Amino acid sequence: LSTIYSCTYPIYSLSWGSSICIGENEKVTFIDSSNGKVEQVFDYSSHDDNCPPCKEFTIASCNSTGDIVAVGNYNHFRTFSNENGSWKEMPPTVVDNMCSVTTMTWKRDGSSLVLGTSCGLLDIY
């Protein structure tokens with residue numbers, strides 16, 4: 001047992017694929033699991049896309065191969081893919097009145113994502 005990473009904000013969600021994905025408040029961080037070094041940080045504290053303001057990233061889930069990670073937030077979720085060792089952000093998926101994403105998982109073959117929300121919705125993407 002060892003600590004490989006620490007931050008000054010609460011960690012709300014985790015997923016471990018080709019990297020460890022950490023969902024914080026308004027931030028998604030990818031770290032190398034072998035040494036704890038930060039690979040990439042996506043900071044949404046000042047957003048300029050067509051997404052609702054970010055809150056906590058409440059849930060994270062990687063697909064079966066570990067190269068795609070989805071992270072849930074309020075009224076939207078974001079998806080990242082690892083291409084040649086670098087994480088790329090896909091356009092966010094925004095759903096009005098979705099509320100907070102509280103649970104999600106990938107189909108075993110990685111072809112689809114199902115998520116549940118605090119408003120009782122169950123959606124497949």
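The structure presented is a predicted model; accordingly, all values stated were derived computationally and were not measured.
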For [Y], is there any backbone N or O sitting under 3.5 Å from a side-chain donor or acceptor partner on [X]?
{"X": "N75", "Y": "M98", "answer": "yes"}
{"X": "S118", "Y": "C99", "answer": "no"}
{"X": "D123", "Y": "L115", "answer": "no"}

Spacing of [X] atom [atom1] and [Y] atom [atom2] [to the nearest 0.5 Å]:
{"X": "Q40", "Y": "I31", "atom1": "CD", "atom2": "CD1", "answer": "13.0 Å"}
{"X": "E24", "Y": "T8", "atom1": "CD", "atom2": "OG1", "answer": "7.5 Å"}
{"X": "E56", "Y": "N73", "atom1": "CD", "atom2": "CG", "answer": "7.5 Å"}
{"X": "E89", "Y": "T79", "atom1": "CD", "atom2": "OG1", "answer": "9.0 Å"}
{"X": "M90", "Y": "R78", "atom1": "CE", "atom2": "CZ", "answer": "13.0 Å"}
{"X": "R108", "Y": "S64", "atom1": "CZ", "atom2": "OG", "answer": "10.5 Å"}

Just so I know, are the side chains of [X] and [Y] near enough to count as touching, which here means a heavy-atom distance under 4.5 Å?
{"X": "V28", "Y": "W87", "result": "no"}
{"X": "C54", "Y": "H76", "result": "yes"}
{"X": "C21", "Y": "V71", "result": "yes"}
{"X": "F77", "Y": "L113", "result": "yes"}
{"X": "W106", "Y": "I68", "result": "yes"}

For residues [X] and [Y], report the shortest heavy-atom separation together with the two atoms involved.
{"X": "S61", "Y": "T105", "value": "OG-CA, 3.7 Å"}
{"X": "D43", "Y": "E26", "value": "OD1-O, 3.5 Å"}
{"X": "N35", "Y": "K37", "value": "OD1-N, 2.9 Å"}
{"X": "T29", "Y": "V38", "value": "CG2-CG1, 4.1 Å"}

Verify the cluster assignment for [X] and [Y]: are they in a single hydrophobic cluster under the rule of side-chain heavy atoms below 4.5 Å apart?
{"X": "V41", "Y": "W16", "answer": "yes"}
{"X": "L121", "Y": "V114", "answer": "no"}
{"X": "L14", "Y": "I59", "answer": "no"}

Begin with the C-alpha distance, continue with both residues' side-chain angles, and end with the deciding distance and a verdict on side chain to side chain contact (heavy atoms under 4.5 Å, CB included) for N82 and F30. CA-CA 10 Å; N82 191 325; F30 290 93; over 6 Å; no

From C62, S33, S15, residue fulfilling side chain to side chain contact (heavy atoms under 4.5 Å, CB included) relative to I20: S33

Residue from N25, T58, I22 passing side chain to side chain contact (heavy atoms under 4.5 Å, CB included) with Y12: N25

Assess whether atom OH of Y9 is packed by more than 12 heavy atoms of other residues, nucleotides or ligands within 6.0 Å. no

Looking at D109, I want to see if its CG is surrounded by more than 12 non-hydrogen atoms of other residues, nucleotides or ligands under 6.0 Å. yes

Below 30° counts as parallel, above 60° as perpendicular, anything between as tilted: where do the rings of F42 and F80 land? tilted

Using the six-membered ring wherever Trp is involved, compare the ring planes of Y44 and F57 and label them parallel, tilted or perpendicular (cut-offs 30° and 60°). tilted

